[in-house]
Asks: 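The structure's right below; bear with me while I get my questions together.
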Number of protein chains: 2
Amino acid sequence: MQKNNMEEQILLVAKELFMQFGYEGVSTTQVAKAVGCNQALVHYYYRTKQNLFKIICQQEIQKMLKILADIPQEDISFEDFIEKIIEAQIGFLKNNPDAPFFIIGELRHNSEVLKMMKELFSEFGKEIVGKIRLFVQMKQSKGELNDVSVEDLLIDIVSLDVMSFVGQVLFTQILEMDSQTQEAFLERRKTHIKKLILSSIKS
Amino acid sequence: MQKNNMEEQILLVAKELFMQFGYEGVSTTQVAKAVGCNQALVHYYYRTKQNLFKIICQQEIQKMLKILADIPQEDISFEDFIEKIIEAQIGFLKNNPDAPFFIIGELRHNSEVLKMMKELFSEFGKEIVGKIRLFVQMKQSKGELNDVSVEDLLIDIVSLDVMSFVGQVLFTQILEMDSQTQEAFLERRKTHIKKLILSSIKS
DNA sequence: AACCTATTTAATAACTCTATTAAATAACTC
DNA sequence: GAGTTATTTAATAGAGTTATTAAATAGGTT
């Protein structure tokens, strides 16, 4: 391989491996081998495995929460609002298929991930919920929307989006779906989720 | 500890550890220490770590799918039908809080878990979907129900149930919820999920 | 070219991990 | 109680892990 920027290469390759196999599932020796450099170099640039992992976690979790934070602010219908959120989330998941597995898999026992989630959530969490609440209240004041819990709404959308993805991976393996069928499955889920969410809150 | 049945003790303790920390996150030395026996005993009874893990996986995944397979067959309303399924799932998750983290966490890279899911799904999967389809068709023939995709319905319910649980663990840590608040959160989600599911399919 | 600094490697210390072996102990069977 | 089998342990081989060190190499500057 021997790309000129080894520091970045290591981070990139380590990200892929950690995301797929988890913290304990990857050794610095494996990272070095995959990069094509000496194992000591991994430690030269990032000192410890913990530290390398921490940097990667921070980047990835931040990326994920950014998706939620990037709520459309224009004056659109509630239907389009929901659609855009779902679209953004599924889009992100398509580009980062390992993300939910990584987060859920590490969350259960990796205190580093937990701490990071806590930190980044207290940074972005209120902002995200606040933005959506604002939009919902605006629509409510116009009489276009019933009473609705923003927290439940968010949990519902994230739940359905994330698990569509987990399901897709599962079914891909179990039912031997080809990539075309996978794509179709996700598209079907996307419209289904939108319909499901909207059916419960239309005024 | 030194309970008289070491073979069983090892399985029990190993289950707890594997469920929380995953395959790579647990060593046979740790298992032995937690049980209070010699490390070689773990291998005496189960030969390899792989094999021990496999046995535990089989048991746990089977338990999970059983929950889905135990669909109420009595002549009840569709509303009660959905409620019972949700009740059963949330109940199971309360007793096995690590289960979704374990499955999703291992699914991404542990071929053993994947293979097992594949095997057990082809054994129970069709049965489960078939049972629900039968119930749905029965209700449809009576005109009590719209057209509905059984697959989507199942994915929806499982998604919302499982992620309520993942969310609960997350929020417990992030928002420092006490056990009473956790219980309330789950109860609220339970009724919310039921309402959400039903709102989309009532005829 | 000589010097300096940044990058990369080989070697290795100090562990830990899995799995096996042989020996010790406990539990039965006659 | 002697003999047989089952359970449990100590010891250890062999491989792999993280992290450090000193040495080698590459790049840039004067």
Side-chain angles (χ1 to χ4, degrees), chain A residues 1-59 102 105-106 108-113 115-116, chain B residues 1-59 102 105-106 108-113 115-116:
Chain A
M1 186 134 292
Q2 213 71 3
K3 288 273 171 61
N4 30 13
N5 194 346
M6 273 297 170
E7 187 171 0
E8 206 180 336
Q9 275 291 303
I10 290 166
L11 200 69
L12 228 79
V13 168
K15 191 201 93 181
E16 294 298 323
L17 291 173
F18 276 138
M19 293 291 277
Q20 193 177 2
F21 299 105
Y23 182 74
E24 288 97 349
V26 180
S27 71
T28 53
T29 315
Q30 276 176 291
V31 172
K33 208 180 212 167
V35 170
C37 70
N38 192 281
Q39 180 258 345
L41 201 64
V42 177
H43 289 273
Y44 170 72
Y45 281 122
Y46 299 99
R47 222 170 57 76
T48 63
K49 182 183 164 183
Q50 267 287 336
N51 188 49
L52 174 60
F53 183 75
K54 196 172 163 175
I55 292 167
I56 289 166
C57 268
Q58 206 150 24
Q59 287 183 355
F102 173 76
E106 297 293 310
R108 129 193 77 143
H109 66 268
N110 192 316
S111 60
E112 195 61 69
V113 173
K115 224 175 61 194
M116 203 138 316
Chain B
M1 187 134 291
Q2 212 72 4
K3 287 273 168 60
N4 32 12
N5 195 345
M6 273 298 171
E7 187 171 2
E8 206 180 337
Q9 274 291 304
I10 290 167
L11 200 69
L12 228 79
V13 168
K15 192 201 92 180
E16 293 299 322
L17 290 174
F18 276 138
M19 293 291 276
Q20 193 176 2
F21 299 105
Y23 182 75
E24 288 98 349
V26 179
S27 71
T28 53
T29 316
Q30 276 176 288
V31 172
K33 208 180 213 167
V35 171
C37 72
N38 191 281
Q39 180 259 344
L41 201 64
V42 177
H43 290 273
Y44 170 72
Y45 281 121
Y46 299 99
R47 221 169 59 75
T48 63
K49 183 182 164 183
Q50 266 288 334
N51 188 50
L52 174 59
F53 183 75
K54 196 173 163 174
I55 292 167
I56 290 166
C57 268
Q58 207 150 25
Q59 285 183 354
F102 173 75
E106 297 292 310
R108 127 192 79 144
H109 66 268
N110 193 316
S111 59
E112 195 61 68
V113 173
K115 222 175 63 194
M116 203 137 318

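Only heavy atoms go into these numbers, but all of them, side chains included; no hydrogens, no water, no symmetry mates.
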Asks: Measure CG/B/N38 against C1'/C/dT20 and give the value in whole Å, please.
Replies: 12 Å
Asks: What verdict does the side-chain contact (heavy atoms from CB on, under 4.5 Å) test give for A/F53 and A/V26, after you've listed the backbone C-alpha separation in whole Å, the side-chain angles of each residue and the deciding distance to 0.1 Å?
Replies: CA-CA 10 Å; A/F53 183 75; A/V26 180; over 6 Å; no
Asks: From the options D/dA10, D/dT18, D/dT8, select the nucleotide whose nearest atom is closest to the side chain of B/M6.
Replies: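 The answer is D/dT8, which lies nearest to the side chain.
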Asks: Give none if D/dG1 has no partner; otherwise give the nucleotide forming a Watson-Crick or G-U wobble pair with it, both distances under 3.5 Å.
Replies: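 D/dG1 is paired, partner C/dC30.
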Asks: State whether B/T29 places a side-chain N or O below 4.0 Å from either non-bridging phosphate oxygen (OP1 or OP2) of C/dT16.
Replies: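 So the side chain of B/T29 is outside the cut-off, no N or O lying under 4.0 Å from OP1 or OP2 of C/dT16.
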Asks: For a 4.5 angstrom cut-off between non-hydrogen side-chain atoms, does A/Y46 reach A/L11?
Replies: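 The answer is yes; the side chains approach within 4.5 Å.
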Asks: Taking atom P of D/dG16 as reference, at what distance in whole Å does atom NZ of B/K49 sit?
Replies: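 After rounding, the gap between these two atoms is 15 Å.
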Asks: What is the distance, rounded to the nearest whole Å, between atom CD of A/E24 and atom P of D/dT17?
Replies: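 Taking CD of A/E24 and P of D/dT17, I get 14 Å after rounding.
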Asks: Would you mind reading off the distance between A/L41 atom CG and D/dA19 atom P, rounded to a whole angstrom?
Replies: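 So the CG-P distance, A/L41 to D/dA19, works out to 15 Å.
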Asks: Any luck finding a side-chain donor-acceptor pair between B/T28 and B/Q39 under 3.5 Å?
Replies: yes
Asks: From CZ of B/R47 over to P of C/dT20, roughly how many Å is that when rounded to an integer?
Replies: 6 Å
Asks: Given the rule in the side-chain contact (heavy atoms from CB on, under 4.5 Å) test, do A/F21 and B/R108 qualify, once you have shown the distances and angles that lead to the verdict?
Replies: CA-CA 7 Å; A/F21 299 105; B/R108 127 192 79 144; over 6 Å; no
Asks: First locate atom NE2 of A/H109, then atom CD of A/E24, and finally report the distance between them rounded to the nearest 0.5 Å.
Replies: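 Atom-to-atom, A/H109:NE2 and A/E24:CD are 4.0 Å apart.
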Asks: Taking a pair as Watson-Crick or G-U wobble with both distances under 3.5 Å, which nucleotide is matched to C/dA14?
Replies: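 When the pairing criteria are applied, D/dT17 turns out to be the nucleotide that pairs with C/dA14.
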Asks: Just checking B/S27: base, sugar-phosphate only, or nothing, at a heavy-atom cut-off of under 4.0 Å?
Replies: sugar-phosphate
Asks: Let me know the distance between OH of B/Y44 and P of D/dT7, rounded to the nearest Å.
Replies: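 B/Y44 atom OH is separated from D/dT7 atom P by 4 Å.
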Asks: For A/F53 and D/dT18, give me the distance from atom CZ to atom C1', rounded to whole Å.
Replies: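 After rounding, the gap between these two atoms is 16 Å.
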Asks: Whether A/Y45 contacts C/dA6 is assessed here as follows: a side-chain N or O lying under 4.0 Å from the phosphate OP1 or OP2. Is that the case?
Replies: no
Asks: Can you check the A/H43 NE2 to C/dA6 C1' distance for me, whole Å?
Replies: 19 Å
Asks: For DNA chain C, whose closest nucleotide is more 5', that of B/V26 or that of A/Q39?
Replies: A/Q39
